Amino acid sequence: MNAPQKVSEAIAAPVGILAELTHRCPLACPYCSNPIELDAREGELDTETWKRVFSESAAAGILHAHLSGGEPASRRDLTEIVKHCRDVGLYSNLITSGVGLSEARMQELADAGLDHVQLSIQDAEAESADRIGGYKGGFARKMDVAKWVKQVGLPLTINAVIHRANIARAGRMVEFAYELGARRVEIAHTQYYAWAYLNRTALMPSRAQTEKAVAEVEALRKVYAGKIVIDHVVPDYYARYPKACMGGWAKRTLNITPHGKALPCHAAETIPGLEFWNVREHSISDIWYNAPAFNAFRGEDWMVEPCRSCPRKSQDHGGCRCQAMALTGDARNADPICHLSPFHDKVAAIAATFEEVDANVPAGDYVYRTLKTQAPVA
Amino acid sequence: MSETVVISAESKPHLPRGMHLKHDATRGEWLLMAPERVLKLNAVAVEILKRCDGKATLGEIVDQLAAAFAAERERIEVDVRALLAELVAKRMVDL
């Protein structure tokens with residue numbers, strides 16, 4: 001799989017970079033998209049290397065820099081990084097839990113040229129939210145952060161990941177985001193990778209709960225038209241066709257881990273045999289066009305049936321490679337979410353085990369996200 | 001959705017913080033940069049949005065465009081209103 005492959009079409013320039021500045025995070029959300037093996041503080045890229053990465057990104061045609069983590073505010077050089085993004089012409093987007101920000105720091109970030117803040121909430125109610133995030137007082141802090149974002153004049157998006165413990169309030173979270181002054185809200189049903197895959201038993205709602213929540217949120221589009229934009233990521237275990245994961249493998253964006261490894265997506269390391277390059281040794285442009293992992297699933301030549309002859313293949317790109325890997329054992333297979341996949345019965349069987357759960361059934365014990373090798377950050 | 005937006009001739013459309021026009025050298029095109037979105041703009045949209053500075057009223061923007069392109073005012077007003085209604089609904093333009 002590591003041999004360079006012929007890519008039938010010309011490779012378009014990347015549009016976004018998701019920079020995981022650190023995996024350190026005060027919260028411990030059980031659905032975190034970071035890998036189970038988190039990068040320790042020791043070994044994180046230094047400020048100068050990140051600046052070089054962003055300079056190279058802008059030169060390669062990247063437009064958006066998504067500053068993420070972990071909690072990006074855990075990096076003391078966050079303001080300097082934001083300022084550098086502005087200097088090289090990148091649109092900077094801070095993806096934050098809010099914990100670790102202060103009113104003064106928010107002002108500093110705005111002055112440095114930050115363009116947008118995406119703030120996560122775990123629920124629309126404090127007690128439940130703090131339980132899900134594994135951090136007491138987190139909800140209250142987020143309310144302050146939303147206020148500060150507004151004060152400094154930055155646009156705010158609220159992001160809410162939906163699962164069994166909060167699905168009853170999916171619609172409420174749209175209203176809540178509007179009350180917090182957001183222009184945009186992402187209602188994102190949990191995607192089962194990494195920590196969420198590990199916690200699937202505790203997280204996955206029933207089909208009935210899911211359908212009710214989806215309908216509720218869809219109905220709010222009309223109510224909130226022109227007030228708040230709703231981006232709705234619908235759950236895929238109950239879908240008929242797979243999602244166009246990442247808009248296609250290595251087609252639009254790349255992820256950089258805290259230690260500098262370049263990935264085509266969050267979960268790409270779960271696919272065995274892929275060779276990843278590191279920004280310490282390669283430029284962003286070299287990685288985008290030449291790294292073996294990026295070329296592994298570009299185009300359509302790697303596809304097997306039923307994707308190979310499917311009329312939808314250019315639309316959904318066969319779904320998600322990592323989900324195909326996790327559920328069928330071969331990343332080239334159709335994402336088994338697709339009802340045409342010979343492995344679809346596996347997904348149906350998993351979904352069936354959640355048919356009976358409802359909001360009154362306790363969500364169970366989570367395996368909270370932790371950085372095993374490291375003492376908690378003060 | 002766009003019909004729910006009412007834009008008066010006196011409103012002063014502008015791009016709020018977090019929205020900017022960008023000429024992208026890599027792709028050789030004009031883009032409207034938005035939070036987690038990028039919109040490709042055609043030449044007409046670029047001319048309209050360049051004039052949305054929060055000072056000019058909708059009526060003045062239409063006048064400017066009609067003069068600059070020696071075009072029929074009514075025709076231009078339709079284009080301007082259609083674009084702004086769409087962007088206001090997406091919360092990408094404020095009035």
Side-chain angles (χ1 to χ4, degrees), chain A residues 12-16 18 57-66 68 86 89-95 110 113-119 149-159 177-178 181-186 188 221-231 233 247 252-253 285 288, chain B residues 1-43 45-46 48-50 52-55 58 78 80-95:
Chain A
V15 298
L18 183 95
S57 297
I62 285 175
L63 303 164
H64 276 121
H66 305 286
S68 181
R86 176 181 62 185
L90 290 171
Y91 186 107
S92 59
N93 174 25
L94 181 67
I95 300 177
L114 184 65
D115 287 300
H116 173 247
V117 177
Q118 186 199 108
L119 177 67
V149 172
K150 223 179 152 182
Q151 270 172 22
V152 301
L154 286 172
L156 175 70
T157 291
I158 292 290
N159 167 283
Y178 180 67
R183 287 175 173 262
R184 219 176 126 249
V185 59
E186 288 181 5
R221 281 188 196 279
K222 243 191 187 153
V223 180
Y224 285 95
K227 292 181 174 150
I228 188 166
V229 176
I230 302 172
D231 278 338
V233 179
R252 301 180 53 77
T253 61
S285 172
W288 183 252
Chain B
M1 200 148 57
S2 51
E3 52 267 26
T4 61
V5 180
V6 182
I7 309 174
S8 87
E10 279 71 49
S11 63
K12 295 175 177 170
H14 58 278
L15 297 177
R17 174 120 193 214
M19 296 292 310
H20 21 251
L21 277 172
K22 177 188 172 92
H23 186 265
D24 174 36
T26 305
R27 298 165 187 81
E29 57 196 9
W30 279 94
L31 302 171
L32 182 59
M33 298 297 303
E36 301 180 47
R37 292 280 181 279
V38 183
L39 269 60
K40 282 188 198 182
L41 298 174
N42 61 31
V46 174
I48 295 170
L49 290 175
K50 275 182 178 170
C52 293
D53 58 4
K55 291 175 197 140
L58 177 103
V78 170
V80 173
R81 283 184 179 276
L83 177 74
L84 293 182
E86 188 192 327
L87 294 177
V88 168
K90 289 182 174 152
R91 303 257 22 219
M92 293 179 176
V93 161
D94 282 353
L95 298 173

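What you are looking at is a predicted structure, and each value in this text was computed from that prediction instead of being measured. Labels below follow one simple rule: chain letters A, B, ... track the order of the sequence lines, proteins then strands, and each chain is numbered from 1.
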Query raised in the report: If you draw a 6.0 Å radius around CZ in B:Arg81, do more than 12 non-hydrogen atoms from other residues or ligands fall strictly inside?
Result: yes
Report task. Answer yes or no: are there more than 12 heavy-atom neighbours, outside B:Lys50 itself, under 6.0 Å from its atom NZ? Result -> yes
Query - Pairwise side-chain contact, A:Leu63 with B:Arg27, heavy-atom cut-off 4.5 Å (strictly under) - result: yes
Report task. Only counting residues at least two apart or in another chain, list the ones meeting side-chain hydrogen bond (donor to acceptor under 3.5 Å, both in side chains) with A:Thr157. Result -> A:His116, A:Arg184
Report summary line: One should read off an interatomic distance between B:Lys22 NZ and A:Leu90 CG, to the nearest 0.5 angstrom, of 7.0 Å
Query raised in the report: To the nearest 0.5 Å, how far apart are CG in A:Asp231 and CD in B:Glu36?
Result: 8.0 Å
Report summary line: From the list A:Gly89, A:Gly61, A:Ala59, A:Ala60, the residue making the most non-hydrogen contacts under 4.5 Å with chain B is A:Gly61
Query raised in the report: Can you say whether A:Val15 sits under 4.5 Å from chain B via the side chain, the backbone, both, or neither, judging by heavy atoms?
Result: both
Query - Atom group of A:Lys227 that falls short of 4.5 Å from chain B, counting heavy atoms - result: backbone
Report summary line: The interface call for B:Ala34 against chain A, heavy-atom contacts under 4.5 Å, is backbone
Query raised in the report: For chain A, which residues of residues 13-20 of chain B have at least one non-hydrogen atom nearer than 4.5 Å to it?
Result: B:Pro16, B:Arg17, B:Gly18, B:His20
Query raised in the report: Does A:Arg183 use its side chain to pair, donor to acceptor, with the backbone of B:Arg91 at less than 3.5 Å?
Result: yes
